[in-house]
Amino acid sequence: MSPSPLTLSSRDRKRFAGIEETLIEWYNMNRRKFSWRKKIRDPYEVLVCEVMGQQTQASRIEEFLPRFLHQFPTIESLAAAKQSDVIRAWQGLGYNRRALNLQRAAIALSNKPFPKTEADLLKLPGIGDYTARAILIFAYNKPVATVDVNIERVLSRLFRIMPDSQTMLPKHEILALGEAILPRKRSRLWHEALMDFGATICKKRAPKCGECPLYAKCKSGPVLIDQPATLKNLKVIKERQYFGQPKRIWRGRILKLISMNHGLTEASVLRHLKHSKGDADFKQFVQEVLRALITDGFCIRKSDRKYYLA
DNA sequence: TTCCAGCGTG
DNA sequence: CACGCCGGAA
């Protein structure tokens, strides 16, 4: 899945020469200090770190990664672990499916050389375009480009005039742009710089154009600098509520209940949830959630009619 | 209450 | 391509 090669316009190329140097300089002074950013990186640790990073703010990884790696120090140990222990180790991080997929990936990788190509990484469950490339970049400093939402924002705004803080270039254009400007000898450093810059200066909401070292070179800066933090006319999609909470919250609570008890009947689950008894609709809803947790591979119901972590 | 942020499925 | 998945922080 290589992006179509793109030749930067000579104008863009000229502008970029200064951008690269300024951004790296900014990064050297202002980078976020994370424990996993060490000189030598174990591919397995990069894999875990990147999966934890999916849909999750980097600061929250700090809390979970060391503990997880202590508990599952190698691919083989994760592959051999009880799934219930992996789920428990993931509790609080969110998107629990990632834990299941990560262990499945570990099983697939167990006792084999760690993959070094995008195609091989993409075969793993839970590894998509972004993560496959990110692993190659952070584990091996491989000269490929990857685009997360931070990089998407930074490149869109820098190279094209974005009408507001929400609008971005199409994904394939950004990837092509990313490939075109990639400093191929320092892919890892460059991507970390782009991400940190996007997370702290070129933020989604209320970007700090006033203190941006690239302001003079940024196409969108003049548009974004005075934009109010909250945009009107942008319709907010409200999350559907079930009995006062989004379903994901109920799923999380129920999964946590099951993970903290050895065998729970449906009645016990209902009791723990402290919802008004005799609410038939709520009972049916909980049943649906329990069924889904089983379908999704988190739980099982044994012949004693009690629910357990799978 | 809103914000943040990739993958897999239908 | 649209949607569901999680939970802490702002």
Side-chain angles (χ1 to χ4, degrees), chain A residues 1 32 46-65 67 86-105 118 121-138 145-154 156 165-166 168 170-172 174-175 178 191 194-196 198-208 228-232 234-242 244-259 285 288-299:
Chain A
M1 334 303 141
R32 296 178 291 178
V46 173
L47 165 68
V48 176
C49 187
E50 283 308 316
V51 170
M52 285 186 171
Q54 293 167 0
Q55 295 294 108
T56 306
Q57 269 127 302
S59 55
R60 299 196 44 218
I61 302 174
E62 201 73 83
E63 180 189 346
F64 285 84
L65 185 64
R67 213 169 47 224
V86 181
I87 295 291
R88 271 187 274 264
W90 205 266
Q91 281 288 348
L93 200 44
Y95 293 99
N96 302 303
R97 228 187 291 271
R98 293 182 296 170
L100 301 190
N101 283 333
L102 182 58
Q103 190 185 28
R104 289 179 195 133
E118 184 182 355
L121 286 164
L122 283 173
K123 290 175 192 157
L124 300 171
I127 306 297
D129 290 339
Y130 163 75
T131 307
R133 288 157 171 265
I135 290 170
L136 294 175
I137 292 161
F138 296 125
T146 197
V147 175
D148 72 343
V149 287
N150 283 316
I151 296 177
E152 179 181 26
R153 260 197 326 275
V154 173
S156 295
S165 63
Q166 323 292 308
M168 297 298 131
K171 227 13 189 279
H172 67 273
I174 304 178
L175 190 55
H191 281 90
L194 283 176
M195 288 178 188
D196 281 14
T200 58
I201 301 287
C202 199
K203 304 205 295 181
K204 173 162 185 160
R205 200 158 289 257
K208 300 182 173 174
T230 46
L231 251 29
K232 27 169 72 172
L234 283 168
K235 57 174 124 187
V236 235
I237 316 107
K238 245 197 123 185
E239 197 173 15
R240 194 169 159 201
Q241 303 287 305
Y242 298 81
Q245 307 239 54
K247 193 196 286 186
R248 62 188 171 86
I249 299 298
W250 291 114
R251 272 180 63 113
R253 288 179 64 183
I254 292 170
L255 185 63
K256 186 163 188 179
L257 278 177
I258 294 171
S259 75
F285 171 73
E288 282 169 19
V289 170
L290 285 167
R291 260 201 303 278
L293 287 173
I294 290 173
T295 303
D296 293 342
F298 294 110
C299 302

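Computed from a prediction, not measured in an experiment: that's the story for all the values here.
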Polar contact flag, side-chain donor to acceptor under 3.5 angstrom, A:Arg98-A:Asn101: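 Checked: A:Arg98/A:Asn101 side chains show no N/O donor-acceptor pair below 3.5 Å.
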
Hey, does [X] reach any base, or is it just sugar-phosphate, or nothing, if we go heavy atoms under 4.0 Å?
| X | value |
| --- | --- |
| A:Pro125 | sugar-phosphate |
| A:Tyr95 | base |
| A:Asp148 | sugar-phosphate |
| A:Gln54 | sugar-phosphate |

Beyond-backbone contact of A:Pro246 with A:Gln241, side-chain heavy atoms, under 4.5 angstrom: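 The answer is yes; the side chains approach within 4.5 Å.
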
4.5 Å side-chain heavy-atom contact, A:Val48 and A:Leu65: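 With C-beta onward as the side chain, the pair touches.
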
C:dC6 and B:dT9, which share atom name P, separated by this distance in whole Å: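 After rounding to an integer number of Å, I get 14 Å for this pair.
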
C1' gap between B:dA5 and C:dA10, integer Å: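 Here B:dA5 and C:dA10 have their C1' atoms 15 Å from each other.
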
Rounded to the nearest Å, what distance is computed from the [atom1] atom of residue [X] to the [atom2] atom of nucleotide [N]?
| X | N | atom1 | atom2 | result |
| --- | --- | --- | --- | --- |
| A:Gln55 | C:dC3 | CD | C1' | 13 Å |
| A:Tyr242 | C:dC6 | OH | C1' | 15 Å |
| A:Asp296 | C:dC6 | CG | C1' | 13 Å |
| A:Gln245 | C:dC5 | CD | P | 14 Å |
| A:Ile127 | B:dG8 | CD1 | P | 8 Å |
| A:Ile174 | B:dA5 | CD1 | P | 14 Å |
| A:Arg98 | C:dC6 | CZ | P | 10 Å |
| A:Ile254 | C:dC6 | CD1 | P | 11 Å |

Residue A:Arg67 excluded, over 12 heavy atoms near CZ under 6.0 Å: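 It does: A:Arg67 CZ has more than 12 such atoms within range.
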
Side-chain N,O (A:Ser59) to OP1/OP2 (C:dG8) below 4.0 Å: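 So the side chain of A:Ser59 is outside the cut-off, no N or O lying under 4.0 Å from OP1 or OP2 of C:dG8.
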
Phosphate contact (C:dC5 OP1 or OP2) by A:Asn96 side-chain N/O below 4.0 Å: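 So the side-chain polar atoms of A:Asn96 never come under 4.0 Å of the phosphate oxygens OP1 or OP2 of C:dC5.
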
With distance as the sole test, does [X] use its side chain to make a donor-acceptor pair with the main-chain N or O of [Y] at under 3.5 Å?
| X | Y | value |
| --- | --- | --- |
| A:Asp296 | A:Phe298 | no |
| A:His191 | A:Phe138 | no |
| A:Thr56 | A:Gln54 | yes |

Nearest to the [X] side chain among [options], which nucleotide is it?
| X | options | value |
| --- | --- | --- |
| A:Arg205 | C:dC6, B:dA5, B:dC4 | B:dC4 |
| A:Gln57 | C:dG8, B:dG6, C:dC5 | C:dG8 |
| A:Phe298 | B:dA5, C:dC6, B:dC4 | C:dC6 |
| A:Asn101 | C:dC6, B:dG8, B:dC4 | B:dG8 |
| A:Val149 | B:dC4, B:dA5, C:dC5 | B:dA5 |

Step-by-step side chain to side chain contact (heavy atoms under 4.5 Å, CB included) determination, A:Gln245 to A:Arg253: CA-CA 11 Å; A:Gln245 307 239 54; A:Arg253 288 179 64 183; 3.5 Å; yes

Along DNA chain B (nearest heavy atom to each residue), the more 5'-positioned of A:Lys238 and A:Arg153: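 The answer here is A:Lys238.
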
Stems involving DNA chain C, each a run of at least 3 consecutive Watson-Crick or G-U pairs under 3.5 Å: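 Counting only runs of 3 or more consecutive pairs, the stems involving DNA chain C are B:1-4 with C:7-10, B:6-10 with C:1-5.
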
